[in-house]
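Accompanying notes for the structure given below.
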Amino acid sequence: MSRIDALIAEFCPEGVEFKTIGEIAECFSGATPASGVTTYWEGGTIPWMSSGEVNKGIVYDTYKKITQAGFDSCSTKMVPSNAVVIALAGQGKTRGTVARTRISLCTNQSLCSIICNESVTSDFLYYFLSTQYQQLRSVSSGDGTRGGLNLQMIRSYCVPVPPMKIQHEIVNVLDTFTKLEAELEAELEARRRQYKYYRDALLAFGDQDVRWATMAEVGEFIRGRRFTKADYVEDGVGCIHYGEIYTHYGISANEVISQVRPEMKATLRFAKPGDVVITDVGETVEDVGKAVAWIGTEEVAIHDHCYAFRHSMNPKFVSYCMHTTSFIAEKAKYVARTKVNTLLMDGFSKIRIPVPPLDEQERIVTILDKFDALVNDLGSGLPAEIKARRQQYEHYRNRLLSFREAA
């Protein structure tokens with residue numbers, strides 16, 4: 001910090017000049033080739049970036065590629081490497097999110113590409129715009145789910161342009177934080193692969209004589225009843241919505257994050273403590289049939305796209321079994337792949353799971369709980385360290401990129 005403070009005192013003691021993005025960069029949006037035209041997509045080699053990929057931060061590759069014919073069909077431009085990309089629109093919290101490219105690519109129409117001139121580096125602009133998420137959303141049109149930014153809004157947005165020496169120094173500091181976080185995340189991913197392998201091997205019971213039974217043989221499925229977000233209240237009946245199972249909950253839960261109106265209680269269906277709550281729809285096959293063991297002390301209402309699996313086994317043991325690679329592969333056979341992937345319960349209930357004695361179930365749960373906490377618990381292990389590093393990085397980033405504007 002003292003090095004950068006000294007540079008600011010030397011080069012811009014009266015403050016830093018601010019300019020609009022339009023003054024320091026070229027801005028343009030992308031386009032999307034027709035989705036049904038196979039010659040635009042099959043065998044494509046040109047990286048094509050969607051708004052769903054902005055959260056990568058640094059883009060080294062894209063999920064999809066388009067062909068030269070697809071590129072020519074939508075009259076878009078190639079974005080060079082070392083450019084800044086910002087989401088003009090997108091689902092959820094995407095709008096206003098920023099990324100920087102490390103390859104040449106093209107984008108869809110929901111992204112604005114910013115090609116900096118010689119007065120500012122793309123890495124400096126990326127870091128600064130990363131601090132502007134809320135401000136960018138505040139100047140966009142519409143509410144939190146509709147509307148968006150447009151090219152004129154981006155071009156007219158003001159940013160600081162300190163001397164190049166200061167830009168480079170700030171980028172070097174923030175790159176060091178980013179590199180450290182990336183190393184920790186790579187280690188965490190390696191630990192997660194190790195945990196997944198060990199969990200799958202432990203629950204395969206390959207060298208043990210363990211009884212296996214279908215889920216229908218060891219329990220029953222009870223479907224929930226419908227409620228909507230309009231029914232949510234701050235103080236009411238605890239509930240689990242199917243979307244929360246694959247966005248919020250892990251192997252088990254003892255507290256809910258949502259509640260619905262108390263007067264609805266008579267019309268709802270509930271999971272009891274010890275039940276495993278299962279989704280029956282999802283965007284991906286893996287999401288469908290995802291499970292969370294409910295180990296709270298009271299009953300909890302469940303959505304009509306959920307089932308409560310009621311049984312006499314250790315609920316966390318059942319949940320761990322349902323997260324194994326082999327169970328997911330078996331489950332995939334019973335998913336109707338329509339516009340919304342849906343679980344076929346008749347087939348799903350025939351999937352077999354191991355049924356060792358209860359004391360063995362508890363022993364395995366104790367082992368897996370330790371692994372799960374190590375790789376998933378934000379309060380301990382590597383996730384906690386990454387969270388702390390990220391908070392430290394955001395603190396210094398915001399301090400480094402707060403400038404007094406020159407008069």
Side-chain angles (χ1 to χ4, degrees), residues 189 191-224 240 242-253 271 274-295 302 305-337 340-358 360-373 375-376:
E189 181 57 32
R191 293 280 183 87
R192 282 178 172 158
R193 288 195 299 268
Q194 182 184 36
Y195 158 65
K196 181 179 177 181
Y197 174 83
Y198 184 74
R199 179 202 61 203
D200 288 355
L202 192 61
L203 293 171
F205 293 96
D207 58 350
Q208 298 180 51
D209 184 18
V210 170
R211 181 172 76 92
W212 289 71
T214 67
M215 297 189 69
E217 290 174 324
V218 297
E220 62 175 325
F221 294 93
I222 300 155
R223 186 164 196 160
I240 294 178
Y242 73 93
E244 296 167 349
I245 296 179
Y246 44 78
T247 59
H248 178 81
Y249 296 116
I251 292 295
S252 64
D275 288 352
V276 176
V277 183
I278 303 164
T279 65
D280 79 338
V281 294
E283 292 186 2
T284 68
V285 172
E286 189 166 333
D287 283 343
V288 182
K290 193 169 184 182
V292 55
W294 174 244
I295 55 175
I302 58 173
H305 280 309
C306 294
Y307 285 86
F309 178 57
R310 193 155 295 161
H311 55 90
S312 58
M313 298 175 65
N314 183 303
K316 293 176 74 173
F317 178 85
V318 175
S319 185
Y320 276 122
C321 286
M322 295 180 67
H323 282 79
T324 60
T325 304
S326 60
F327 189 96
I328 291 170
E330 194 67 21
K331 174 184 70 178
K333 300 175 184 177
Y334 306 111
V335 175
R337 292 166 173 80
V340 178
N341 295 300
T342 306
L343 194 63
L344 304 174
M345 288 305 299
D346 285 347
F348 182 79
S349 65
K350 296 174 184 176
I351 300 177
R352 297 167 70 242
I353 60 173
V355 190
L358 274 174
E360 178 65 4
Q361 294 178 35
E362 292 168 2
R363 186 186 73 84
I364 290 173
V365 165
T366 299
I367 294 171
L368 293 179
D369 277 353
K370 293 177 181 177
F371 272 96
D372 188 66
V375 299
N376 291 317

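Residue indices begin at 1 and follow the sequence shown.
Between I302 and I222, every side-chain heavy-atom pair lies at or beyond the 4.5 Å cut-off. Here the side chains of F317 and E360 are not in contact, with every heavy-atom distance at 4.5 Å or above. The shortest side-chain heavy-atom distance between V288 and V281 does not fall under the 4.5 Å cut-off. Considering only heavy atoms from C-beta on, C306 comes within 4.5 Å of I245 through its side chain.
In this structure, Q208 contributes its side chain and F205 its backbone to no donor-acceptor pair below 3.5 Å. A side-chain donor-acceptor contact under 3.5 Å links H311 to the backbone of G274. A donor-acceptor pair under 3.5 Å links the side-chain atoms of T366 to the main chain of E362, judged by distance alone. Remark: side-chain polar atoms of N341 are paired, donor with acceptor, to backbone N or O of E283 under 3.5 angstrom. Counting only distance, with no hydrogens or angles, the side chain of K331 and the backbone of E286 share a donor-acceptor pair below 3.5 Å.
Taking all atoms of both residues into account, the shortest heavy-atom contact from A291 to V276 is CB-CG1, 3.6 Å. I367 and Y198 get closest at one heavy-atom pair: CG2-CE2, 3.7 Å. Looking at every heavy atom in both residues, I295 comes nearest to S252 through CD1-OG, 3.8 Å. Across all their heavy atoms, I251 and S319 have their closest contact at O-OG, 2.8 Å.
Residues that satisfy the ring pair (Phe, Tyr, Trp, His ring centres under 6.0 Å) test with Y242, not counting sequence neighbours, are H303, H305.
In this structure, the separation between CZ on F371 and CD on Q194 is 6.0 Å, given to the nearest 0.5 Å. To the nearest 0.5 Å, the span separating NE2 on H323 from CD1 on I328 amounts to 7.0 Å. In this structure, SG in C321 is found 9.0 Å from CE in M215, a value given to the nearest 0.5 Å.
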Can T342 and V335 be said to form a side-chain contact (heavy atoms from CB on, under 4.5 Å), step by step?
CA-CA 5 Å; T342 306; V335 175; over 6 Å; no
For side chain to side chain donor-acceptor pair (under 3.5 Å), just list the numbers for Y307 and D275, CA-CA rounded to whole Å, side-chain angles, deciding distance to a tenth of an Å, and then say yes or no.
CA-CA 9 Å; Y307 285 86; D275 288 352; over 6 Å; no
Apply side-chain contact (heavy atoms from CB on, under 4.5 Å) to I240 and Y249, showing your working.
CA-CA 10 Å; I240 294 178; Y249 296 116; 4.0 Å; yes
Test side-chain contact (heavy atoms from CB on, under 4.5 Å) on F309 and E220; report intermediate values, then the result.
CA-CA 6 Å; F309 178 57; E220 62 175 325; over 6 Å; no
Chi angles and distances behind the side-chain contact (heavy atoms from CB on, under 4.5 Å) call for I278, K290:
CA-CA 6 Å; I278 303 164; K290 193 169 184 182; over 6 Å; no
List the atom pairs, with distances to 0.1 Å, where a side-chain N or O of residues 343-358 and a protein N or O form a donor-acceptor pair under 3.5 Å, not counting sequence neighbours.
{"from": "S349", "atom 1": "OG", "to": "M345", "atom 2": "O", "distance (Å)": "3.2"}
{"from": "S349", "atom 1": "OG", "to": "D346", "atom 2": "O", "distance (Å)": "3.0"}

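If you check the side chains of D287 and T284, you find a donor sitting under 3.5 Å from an acceptor. For the residue pair T325 / D200, a side-chain donor-acceptor distance below 3.5 Å is found, with atom types taken as modelled.
A salt bridge does not link D372 to R199: none of the charged side-chain nitrogens sits closer than 4.0 Å to a carboxylate oxygen.
For CD of E330, the number of neighbouring non-hydrogen atoms (other residues, nucleotides, ligands) closer than 6.0 Å is greater than 12.
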